[in-house]
Amino acid sequence: MAIVYLPEEKRDAVDMREAVEKEGRTCLLLPGDPCDPSFCANVVERTVSVLGGLNILVSNAACLHSQNDLSDLTAEGFDRGCHVGGVLID
């Protein structure tokens, strides 16, 4: 399994890796920005290289910009929330 995560979410990613490895599986952690196309291309290359292939892609990421009023949400925050993705499973 390969997990793409934002660097500030490292603790959660490490916890997930430990759970996966406890089940006897390999877990590759790939910190970075899933909104960056070059990062995503590198993720696929590294996953294939380390794990030998890519069988399933699950895009299950989110970016929360909680506001009390919709008018407080910036265009950048809205855009970022719509363009986040990334968990790769081998």
Side-chain angles (χ1 to χ4, degrees):
M1 173 184 286
I3 300 176
V4 173
Y5 65 95
L6 297 171
E8 58 268 22
E9 296 174 346
K10 181 177 182 178
R11 182 71 246 158
D12 290 338
V14 169
D15 289 347
M16 180 58 71
R17 180 182 61 198
E18 290 171 358
V20 168
E21 290 177 345
K22 185 177 178 181
E23 296 299 320
R25 303 289 298 186
T26 300
C27 186
L28 175 64
L29 297 183
L30 300 161
D33 183 359
C35 292
D36 177 356
S38 64
F39 169 73
C40 292
N42 182 267
V43 161
V44 172
E45 290 174 13
R46 286 194 57 208
T47 300
V48 170
S49 174
V50 172
L51 300 178
L54 178 61
N55 298 328
I56 300 171
L57 170 64
V58 178
S59 181
N60 186 33
C63 183
L64 177 63
H65 295 275
S66 182
Q67 303 293 333
N68 290 326
D69 189 281
L70 186 58
S71 64
D72 294 332
L73 182 61
T74 66
E76 293 81 10
F78 179 81
D79 187 59
R80 177 93 173 141
C82 292
H83 293 97
V84 175
V87 174
L88 303 176
I89 300 175
D90 179 56

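In this text the structure is predicted, and so the values were computed from the model without any measurement.
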Q. If you look at every heavy atom in L51 and A2, which pair is closest and at what distance?
A. CD1-N, 4.1 Å
**Q.** Heavy-atom closest pair, residues P34 and C40
**A.** O-SG, 3.2 Å
(Q) Nearest 0.5 angstrom please: D15 CG to E9 CD, how far? (A) 12.0 Å
Q | All salt bridge (charged side-chain N to carboxylate O under 4.0 Å, His left out) counterparts of E23, not counting sequence neighbours | A | none
Q) Excluding sequence neighbours, so at least two apart, what forms side chain to side chain donor-acceptor pair (under 3.5 Å) with S49? A) none
**Q.** Reported CG-to-CG distance for the pair L6 and D33, which is rounded to 0.5 angstrom
**A.** 6.5 Å
Q. Does the side chain of T26 reach to within under 4.5 Å of the side chain of V50, using non-hydrogen atoms?
A. no
Q) Can you name the nearest heavy-atom pair linking L29 to A13, along with the distance? A) CD2-O, 3.7 Å
Q: First locate atom CG of L30, then atom CZ of R46, and finally report the distance between them rounded to the nearest 0.5 Å.
A: 5.0 Å
